[in-house]
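Single-structure report; data block below.
Both counts, for ligands and for their atoms, begin at 1 and track the order of listing.
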Amino acid sequence: MESWYEVKPSLERGGLGVFASRTILPGTVIMHDPAVMKLELKNVQFTDEEVRDSFNLLSDTDKIRVLKLHEGHRPFITRLMRIYKANSFGAKGFTMLQVDISGVNHSCVPNADRQDDMENDEKTDAANLVAIRTIAKGEEILICYNSNFEGMTVTQRINILDSYYGFRCSCPACALPLKERILSDTRRQLINVLSSKCSGFEPLGLSQLDHLNRQTAENPSMTIGLPQFPLRVALSTAEKTAFKALLAELMQAERLTNVTTANLYREAAYHLMQQMSENRYILVIPSACYVTAWMEKAVKIFSDITGAHSKQTKAIKAQWSNWQRGEQLDLYKYLKLDYLQALSRGKGVGEVFAVHIGETVLNAEGLIGLKIEALSEQMCKTRLREGKGKVRGSIRSP
Ligand SMILES: C[S@@+](CC[C@H](N)C(=O)[O-])C[C@H]1O[C@@H](n2cnc3c(N)ncnc32)[C@H](O)[C@@H]1O
């Protein structure tokens with residue numbers, strides 16, 4: 001099969017870069033690249049001897065491939081260590097060198113992602129280069145070199161890229177005019193707080209990166225990575241809902257939309273449904289609106305990124321229609337809100353905020369229907385306080 005890419009000089013970034021040789025759709029595996037070297041991070045850092053011993057195990061062809069790689073500027077004594085540091089990627093307790101993927105340049109708003117290869121759910125030592133949006137023929141393929149960049153300000157990203165990779169990033173997120181940059185920095189700081197909390201950790205302390213430079217970069221305190229501490233207090237379901245929805249919105253505003261963003265919307269919708277199911281007999285309309293809007297966003301992102309007919313898009317659509325069969329959402333789907341609004345205005349309810357779902361009744365034609373009562377926000381609060389929406393008997397999870 002014709003290759004998806006070609007390696008050639010990158011006029012915009014200097015050195016070599018990897019370019020799309022034809023249009024690449026989101027989700028495409030552009031490269032599958034087995035690791036040629038893998039080092040365990042036993043004592044935080046590995047030694048020159050460990051790098052050399054690992055290199056000596058390579059075939060002659062692979063040795064030549066490694067020695068051709070970019071050497072970087074960092075002050076290590078041996079050339080092998082400089083090459084390894086400039087081109088390897090960290091993966092929990094290990095670092096690995098995948099020669100072809102290491103030729104891909106960086107952007108803080110990438111169009112591709114380097115992902116660990118999973119075969120039958122088992123992590124292999126290979127990595128895949130996967131398109132995360134449509135990449136036009138001739139466009140440079142770019143990945144983000146640091147998995148924490150989403151939550152870092154422009155200064156923090158610039159300091160890391162200069163200190164460890166020796167270049168100044170000119171991507172759209174780093175080249176923003178001052179006013180927009182301040183806004184973007186604020187969003188990124190919020191992303192750091194929310195993404196840490198949503199993964200069960202206190203936010204990463206990033207302030208030391210504001211003063212990082214090439215001199216301080218090699219201090220052991222800088223190279224051990226940022227420590228993460230588990231959350232002191234676990235998040236409530238309401239916090240999970242709000243944090244995940246806000247995080248997804250911030251990722252979208254920063255043009256970082258990816259499959260994780262879609263999953264955040266899906267999880268926010270799920271947590272909100274969990275809260276709704278605590279008062280199964282009261283349907284709060286804004287809650288149903290949010291669940292619907294978030295699930296529609298999740299479906300759209302999966303469809304945009306992985307394709308309208310991909311396995312992932314089909315799975316999330318199936319999940320959404322399954323959830324819509326849950327009692328409250330099912331009712332929301334069929335509620336004629338305009339009709340309810342007109343009816344309730346006549347009765348002095350004003351804006352319909354919620355409906356109280358009563359028992360099944362027979363109507364004039366003898367047909368079975370649900371007795372639905374429109375509630376204003378105030379009435380809804382009173383009913384909830386009185387526990388009138390509470391589940392009687394067993395509860396079906398969303
Ligand atoms: C892993 S190598 C990538 C391939 C490299 N361009 C080459 O010619 O082999 C990393 C180095 O590429 C360069 N680089 C990567 N992304 C860049 C960018 N956005 N702008 C300028 N230089 C970049 C830097 O010199 C960096 O240290």
Side-chain angles (χ1 to χ4, degrees), residues 3-21 30-31 33-39 51 55 62-76 78-91 94-116 126-130 132-133 135 138-150 152-176 181 184 212-214 217-218 222-223 254-256:
S3 168
W4 291 105
Y5 66 92
E6 56 178 326
V7 178
K8 59 180 187 181
S10 171
L11 300 179
E12 220 175 299
R13 292 172 185 85
L16 294 175
V18 177
F19 292 78
S21 52
I30 305 165
M31 288 182 194
D33 197 7
V36 290
M37 289 169 75
K38 176 180 177 181
L39 291 175
V51 180
F55 176 80
D62 279 342
K63 279 182 182 158
I64 294 169
R65 289 171 75 212
V66 170
L67 290 174
K68 274 189 189 159
L69 291 175
H70 179 77
E71 193 176 327
H73 71 284
R74 290 176 69 183
F76 301 114
T78 64
R79 180 158 173 253
L80 264 184
M81 180 67 103
R82 289 195 292 278
I83 291 181
Y84 192 79
K85 286 281 193 174
N87 294 280
S88 55
F89 284 90
F94 288 94
T95 58
M96 289 189 208
L97 176 62
Q98 282 108 0
V99 174
D100 292 335
I101 291 185
S102 79
V104 181
N105 283 325
H106 164 90
S107 170
C108 303
V109 272
N111 52 21
D113 192 19
R114 177 199 166 282
Q115 296 172 356
D116 291 325
N128 290 325
L129 178 68
V130 182
I132 54 173
R133 62 170 178 76
I135 308 174
E139 195 181 334
E140 183 163 358
I141 301 170
L142 299 162
I143 57 173
C144 182
Y145 283 180
N146 188 310
S147 58
N148 292 321
F149 267 19
E150 291 176 347
M152 288 189 195
T153 62
V154 177
T155 304
Q156 291 164 349
R157 301 197 304 269
I158 284 178
N159 290 352
I160 289 184
L161 292 173
D162 179 62
S163 303
Y164 297 114
Y165 298 97
F167 71 92
R168 168 109 196 177
C169 187
S170 56
C171 78
C174 290
L176 288 172
R181 176 178 163 158
S184 164
L212 179 75
N213 56 46
R214 292 189 189 197
E218 306 304 336
M222 288 293 186
T223 48
E254 280 298 293
R255 294 197 277 161
L256 293 170

**Asked** Within 45° of the six-membered ring axis of Phe89 and under 6.0 Å from that ring's centre, is NZ or CZ of Arg114 located there?
**Response** yes

**Prompt:** Between Arg133 and Glu139, is there a salt bridge with N-O shorter than 4.0 Å?
**Reply:**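 Looking at Glu139 and Arg133, the cut-off is met.
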
**Message:** For the backbone of Leu16 and the side chain of Asn105, can you confirm whether one donor and one acceptor N or O come within less than 3.5 Å of each other?
**Reply:** yes

**Message:** What I'd like to find out is whether the side chain of Arg168 reaches to under 4.5 Å of the side chain of Ile158, using heavy atoms alone.
**Reply:** yes

**Request:** Look at atom CZ of Arg214 and say whether more than 12 heavy atoms of other residues, nucleotides or ligands are closer to it than 6.0 Å.
**Result:**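 Buried by this count: over 12 neighbours within 6.0 Å.
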
**Request:** For atom NZ of Lys63, decide whether the heavy atoms of other residues, nucleotides or ligands shown that lie under 6.0 angstrom number more than 12.
**Result:** yes

**Request:** Can you tell me which residues line ligand 1 if we count any heavy atom under 4.0 angstrom from one of its atoms, in chain and number order?
**Result:**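 Near ligand 1, by chain and number: Arg13, Gly15, Leu16, His70, Ala86, Asn87, Ser102, Gly103, Val104, Asn105, His106, Tyr145, Tyr165, Phe167.
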
